[in-house]
There are 2 protein chains.
Amino acid sequence: MAVTAIIEDLKSLDTSTLVDKVESNLVQLLMDRKLKVGDAIPKEVELAESLGVSRTVIREALLRMRMMGLIESKKKKGAVITSPDLFGIMSKSMNPHILDQETLKDIFELRLVLEIGMADLLFHRITAKDIKELKVIVSNEPPMAKNYLFNIEHEIAFHGKLYEITGNDALKKFQRLLLPVFDYVHNSGLLKKQTGTQTFVSHKALVKILENGTPDEFRTGMRNHLQNHFARIFAK
Amino acid sequence: MAVTAIIEDLKSLDTSTLVDKVESNLVQLLMDRKLKVGDAIPKEVELAESLGVSRTVIREALLRMRMMGLIESKKKKGAVITSPDLFGIMSKSMNPHILDQETLKDIFELRLVLEIGMADLLFHRITAKDIKELKVIVSNEPPMAKNYLFNIEHEIAFHGKLYEITGNDALKKFQRLLLPVFDYVHNSGLLKKQTGTQTFVSHKALVKILENGTPDEFRTGMRNHLQNHFARIFAK
DNA sequence: AATTTTATTAAGTCATACATAATACAAATT
DNA sequence: AATTTGTATTATGTATGACTTAATAAAATT
């Protein structure tokens, strides 16, 4: 056996810490037992005994699971299974000041991708009431809304409403997460400054498409509406 | 003051635990000091002393930060700042067997949104080499690939390559996360069964669009390609 | 100079004790 | 009898000190 191979073997042996093992054991256990939301899990001391480790380790493993949203622990009551909130977890580290530039740019792009791609969901789920609300939103916008910076509130109101219409909760939460990062990137020096400030397809036009148009038209319209952002992304 | 108001006031007092405070203190500290990736943070005992809490609390706070990907701790060296991997965190709880049905469906939809919305990124970043690779991938596909189930590998190869072409790392990671869930939902009873198995726009056609077409054409094509999935979503 | 051994350091693990908060149940008040 | 109040219990939260382990640095050996 070659030396490198031996080294590889050793490396793959077990680099994981005790807590790692306990954690995956516990997760596995919950899944095996098909525990449902609300079900209680054994107490810390019981787990410590049955797994033969200290309560410290158990607590650390449980803490991780708590962070992942798998469990929720209350004094006296112990811990109960919960349904993890995927994006709630993410929100903890979704901090523009902490993320690196590449990720920040990626997230900027991600928003554009989502808003163009959500067309079909919008058309399938939009109601007359939604359209009415959208019209109210755009009617409150100042005319000639050329400068993004001065209209953040309107941007948020309009685009946020779109996410709401999709009826996709994960998407909504994702947006709320991405929003601050998007704004941060927009206002930071990470992207080239906008050259022109022409407006393209307006919010009003998008509403019109939603009312009378097709998903394809909406995608094209939204792509156009976001042109300034795309220009900044693709500027070299 | 009404009784209910008093109660509300009391509730908002401070339900956060000691670890919560220490955690936010630490995160704030890192941001204030503008620490960069690779910089070391004080040792556990030092932190415990300077904040006037036990090492237990410090460890728990640090553990959380480690889970969020903010720091990485090594024996002897202490902990160093790292750039958080947004989706790495999520992956822990991205388990189809644990997530609730609504979230699962939402994620199913999310994939469709992404793949339609990513058109512009694709067109801007695709290279001749990429197109060549895509052609290889589709040439390996069996003709008349009508049944999704028998062609998962090809689906993954093709669509995975698309994500790669976007050059958006966050998007790529997100996809890798969503993929198992998507498959799970597809094969589960969560959605109505497909009625027809007609194929619409094929992989081959999509490649052609990527080579000679426009983003708009690609979006329309991809929407059509995913028609079977959409049909299942919208089936009542 | 290069390698091996040793010492040191900081995180990982353990055990124990006490604090705190939520619950259940008994007791007291009306 | 019904509701409130007090009390005991219980499980998590916090604190402390000791020990283990692994990575690094320093010293010793070749």
Side-chain angles (χ1 to χ4, degrees), chain A residues 3 6-26 29-30 35 38-82, chain B residues 3-4 6-7 9-26 29-30 35 38-82:
Chain A
V3 175
I6 293 174
I7 291 175
E8 268 316 300
D9 259 33
L10 289 175
K11 272 186 178 172
S12 69
L13 255 184
D14 202 355
T15 173
S16 70
T17 171
L18 185 55
V19 177
D20 290 328
K21 294 167 200 155
V22 170
E23 180 196 347
S24 55
N25 273 0
L26 287 179
L29 192 77
L30 303 195
L35 293 186
D39 290 352
I41 66 176
K43 316 306 170 196
E44 292 181 347
V45 277
E46 292 174 28
L47 288 172
E49 278 175 23
S50 69
L51 291 184
V53 297
S54 76
R55 194 180 146 217
T56 311
V57 172
I58 295 289
R59 274 188 63 78
E60 201 161 318
L62 288 180
L63 169 58
R64 291 188 188 179
M65 294 170 66
R66 203 158 56 227
M67 279 209 68
M68 303 187 316
L70 260 59
I71 63 172
E72 219 167 66
S73 38
K74 295 220 166 185
K75 294 195 181 183
K76 164 86 179 181
K77 255 292 165 125
V80 296
I81 308 279
T82 55
Chain B
V3 175
T4 52
I6 293 174
I7 291 175
D9 260 34
L10 289 175
K11 270 187 180 171
S12 68
L13 259 184
D14 197 356
T15 173
S16 71
T17 170
L18 186 55
V19 177
D20 290 328
K21 295 166 199 155
V22 170
E23 180 195 347
S24 55
N25 272 359
L26 286 179
L29 193 77
L30 304 195
L35 292 186
D39 290 352
I41 66 176
K43 317 306 169 195
E44 291 181 349
V45 279
E46 292 174 27
L47 288 172
E49 279 176 22
S50 69
L51 292 184
V53 296
S54 76
R55 193 179 149 218
T56 311
V57 172
I58 295 290
R59 272 188 66 78
E60 200 160 319
L62 289 179
L63 169 60
R64 291 188 187 179
M65 294 170 67
R66 204 158 55 227
M67 278 210 69
M68 304 188 314
L70 260 60
I71 62 171
E72 220 166 66
S73 38
K74 294 221 165 185
K75 295 191 184 185
K76 163 85 180 182
K77 253 295 166 130
V80 296
I81 308 280
T82 55

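Just so we're on the same page: letters track the sequence lines, and every chain starts at 1.
- In the displayed structure, Lys43(B) atom NZ is contacted under 6.0 Å by more than 12 heavy atoms of other residues, nucleotides or ligands.
- Rounded to a whole Å, the CG atom of Leu18(B) is 12 Å from the C1' atom of dT20(C).
- Under 4.0 angstrom from either OP1 or OP2 of dG12(C) there lies at least one side-chain N or O belonging to Arg59(B).
- Inter-residue side-chain proximity for Glu23(A) and Glu60(A) is flagged as unmet; no heavy-atom pair is nearer than 4.5 Å.
- If you check every strand for non-hydrogen atoms under 4.0 Å, Val45(B) touches nothing.
- Counting heavy atoms from C-beta outward, Leu51(A) and Leu26(A) have side chains that approach closer than 4.5 Å.
- With distances taken from any side-chain atom of Val57(A) to the nucleotides dT24(D), dC14(C), dT14(D), the minimum falls on dC14(C).
- What separates NZ of Lys75(B) from C1' of dA22(D) is a distance of 5 Å, to the nearest Å.
- Nearest to the side chain of Lys76(A), among dA15(D), dT9(D), dT13(C), sits dT9(D).
- Counting heavy atoms from C-beta on, the side chains of Glu72(A) and Arg66(A) never come closer than 4.5 Å.
- Counting atom types as modelled, Thr56(B) pairs a side-chain N or O with a base atom of dA15(D) as donor and acceptor under 3.5 Å.
- A close approach under 4.0 Å does not occur between any side-chain nitrogen or oxygen of Arg55(B) and OP1 or OP2 of dT13(C).
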